[in-house]
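Beneath this line is the structure, given in structure tokens, with notes to follow.
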Amino acid sequence: MAVDKEDIRDFLNKVADALDGEAWDDFLSMCVPEFEYRVTAFSYELNKDMIWLIHDMDGLRSLFNVLPEQLGRRGTRMLRQISVTDVTQVGADGRVDVTSKVIVVRTSPEGVSELFAAGRYLDVIDVSEDVPKLVRRETQLDTRELGIGSHVPI
Amino acid sequence: MPSRNRETWERPPDLPGTHFVDAMAYSDPELFEEEKQRILARAWRFGCHDSELPDPFDFRTIDHAEVPLVMIRGEDGKVRTFYNVCSHRGAKLFNDLSGNARTKTCFFHHWTFDWRGDCVSRPRPQPYEALHLEAEDCGLKEVATDSQYGLIFFNLDDDAGSLTNYLGDALSAFEQTLTEEPVEVFHYHQAEIQANWKQWVESNMDHYHEWMHVMLRRTNVITEETLFHRKAELHSGGHITFRGMEIDYEHEGTIAPREQSKAMPGLTAETFQATPLFPNTVLMTRGTVMRIDTTTPLTPDTSLVEFRGLGLKDDTEEDRMVRIRQHNEFWGPMSHNLPEDLFAAEQCAAGYRSGGAAYGIICREENLSAQDDGGMRHFYAEWSKWMGRSASDPKIITA
């Protein structure tokens with residue numbers, strides 16, 4: 001099965017739009033039921049890989065359900081700029097590995113934008129059906145100073 | 001008519017002086033410089049955990065103390081701390097955050113130092129020798145270093161007393177956890193926050209803020225009954241231990257229940273205890289995982305907080321993953337609680353910095369139980385001793 005890289009790019013932009021728009025149900029609808037999401041970083045202090053967040057579908061649903069009550073400033077927005085750098089077809093099961101660079105800009109309610117994080121998405125995408133779905137996403141962060149942090153997945 | 005006018009707003013609360021803090025303590029630049037000299041340059045401060053320097057010649061740089069520092073484990077197994085600057089022209093010597101180096105050669109003119117801090121090589125040394133500047137006069141500046149239960153501390157004061165005397169019995173609540181089995185740091189992150197350093201230190205002593213956290217409100221894991229199991233033990237030297245509280249995770253669908261088999265030594269999976277060490281370090285545990293916070297003042301209005309997560313060195317892969325998940329649930333940079341705590345510290349700082357808030361009230365008395373402010377009062381009593389000023393009226397020098 002040939003993989004259309006343009007389709008992959010369109011799909012990942014839609015995923016980013018859903019996250020940017022905090023359309024959590026839309027985001028989850030673009031994932032397979034066994035989806036796994038994790039945020040990782042490498043610590044040069046410890047010389048170790050770290051996992052900063054890891055959730056399956058239920059964990060993400062639970063996280064999203066709590067978000068409206070989580071303390072923070074209403075009107076803070078995130079914008080994810082992605083750039084697909086590699087698409088590799090894995091075997092014949094209709095899955096592809098996709099690497100993208102990602103830059104996340106956070107904008108305050110006053111309209112002040114700042115770089116929040118830089119890193120990569122390491123995605124596994126199921127392209128065997130008509131509509132692609134995320135099977136796995138690892139957000140591999142270069143940025144390890146996230147200020148007060150974030151309740152929202154990157 | 002406003003509920004309070006300027007005069008009544010700025011009038012000190014009608015409380016004992018031990019029960020409130022003047023805004024000046026959080027924001028005054030001169031007081032901040034004095035804190036650096038009188039407290040931070042003289043107190044024992046946490047540098048890193050033993051597991052961060054497992055092998056001989058391992059080093060770890062500390063860039064946010066008042067001077068750049070490097071901690072090195074020597075061939076003899078002892079950890080020493082040095083100013084991380086070359087004794088020749090002042091260049092920073094170790095530029096990596098961590099690593100292993102039997103000797104270290106300065107990139108600039110290739111002076112070389114060993115793990116004792118001795119200068120062991122200078123290219124073309126004859127002109128120095130002609131002036132009697134010998135290699136043994138060119139060693140690194142050593143800083144007092146000692147450890148307890150695997151926690152390595154440094155003290156910038158050459159005349160510092162012993163760490164043992166400084167800590168007293170403050171770490172007793174964590175002794176078994178830190179010593180029965182080898183412990184290892186698996187998580188590290190930093191946050192530069194727009195708040196005075198004491199505002200973050202306070203957040204780990206101000207248990208009244210627990211109602212801020214959505215996960216605690218939603219899950220009711222802290223009840224009126226469990227609150228009163230918590231007691232504050234006030235150690236000499238301004239250190240405190242909060243213990244006795246057990247969290248009931250078992251019946252809460254939104255929080256992963258804890259398994260007793262994953263509890264760290266000396267704890268149950270539900271243990272919730274903390275030991276703030278004066279001035280800027282806090283050890284805490286949620287039974288299956290430990291956390292160490294270290295807060296370093298950068299300016300009166302900004303602070304750098306380091307967060308470490310610890311588990312057992314011999315964890316199976318599965319156990320480690322459990323600890324990572326349970327660490328991240330409340331304490332990671334993307335957790336339920338930590339971003340809320342940091343948000344709160346910044347919002348309080350904004351209130352004081354602007355001149356809006358005049359005093360912080362720390363007067364709750366609940367027999368050193370539940371959400372008593374006694375921990376904060378104990379911290380500020382110690383702060384007052386070191387500063388020679390009372391926190392409620394720091395303009396007046398008392399000693």
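Every heavy atom of this structure was used, including side-chain atoms; hydrogens, water molecules and symmetry mates were not. Everything numeric in this text was worked out from a predicted model, so none of it was measured.
Around CZ of B/Phe330, the count of heavy atoms belonging to other residues, nucleotides or ligands within 6.0 Å exceeds 12. Heavy-atom neighbours of A/Phe42 CZ from other residues, nucleotides or ligands within 6.0 Å: above the threshold of 12. In B/Lys262, the NZ atom is crowded: over 12 heavy atoms of neighbouring residues, nucleotides or ligands sit closer than 6.0 Å. More than 12 heavy atoms of other residues, nucleotides or ligands sit less than 6.0 Å from atom CG of B/Asp55. A/Glu34 CD: more than 12 foreign heavy atoms inside a 6.0 Å radius. Remark: B/Glu318 CD is loosely packed, at most 12 non-hydrogen atoms of other residues, nucleotides or ligands lying under 6.0 Å away.
With salt bridges taken as basic N to acidic carboxylate O contacts below 4.0 Å, one links A/Lys48 and B/Glu184.
What you find for B/Pro339 and A/Ser150 is that their closest heavy atoms are CG-N, 3.9 Å. Heavy-atom minimum distance, A/Gly147 versus B/Ala191: O-CB, 3.2 Å. Nearest heavy-atom pair, A/Ile148 versus B/Phe343, reported as atom, atom and distance to 0.1 Å: CD1-CB, 3.9 Å.
For B/Gln194, no part lies under 4.5 angstrom from a heavy atom of chain A. Only the backbone of B/Ser335 comes within contact range of chain A, with heavy atoms under 4.5 Å apart. With a 4.5 angstrom heavy-atom cutoff, B/Glu52 touches chain A only via side-chain atoms. Only the backbone of A/Val152 comes within less than 4.5 Å of a heavy atom in chain B; its side chain stays farther off. Of the atoms belonging to A/Leu67, not a single heavy atom falls under 4.5 Å from chain B.
Chain B forms more heavy-atom pairs under 4.5 Å with one residue of A/Asn47, A/Ile51, A/Asp49, A/Val39 than with any other, namely A/Ile51.
No side-chain heavy atom of B/His189 sits less than 4.5 Å from a side-chain heavy atom of A/Met50. Here the side chains of A/Leu63 and B/His336 are in contact, with some heavy-atom distance below 4.5 Å. A heavy-atom distance below 4.5 Å is found between the side chains of A/Ile154 and B/Met334.
Checking side-chain atoms of B/Asn328 against main-chain N and O of A/Ile54 turns up no donor-acceptor pair under 3.5 Å. In this structure a side-chain-to-backbone donor-acceptor pair under 3.5 Å is present from A/Glu145 to B/Glu192.
To the nearest 0.5 Å, atom CD1 of residue B/Ile62 and atom CD of residue A/Glu45 are 11.5 Å apart.
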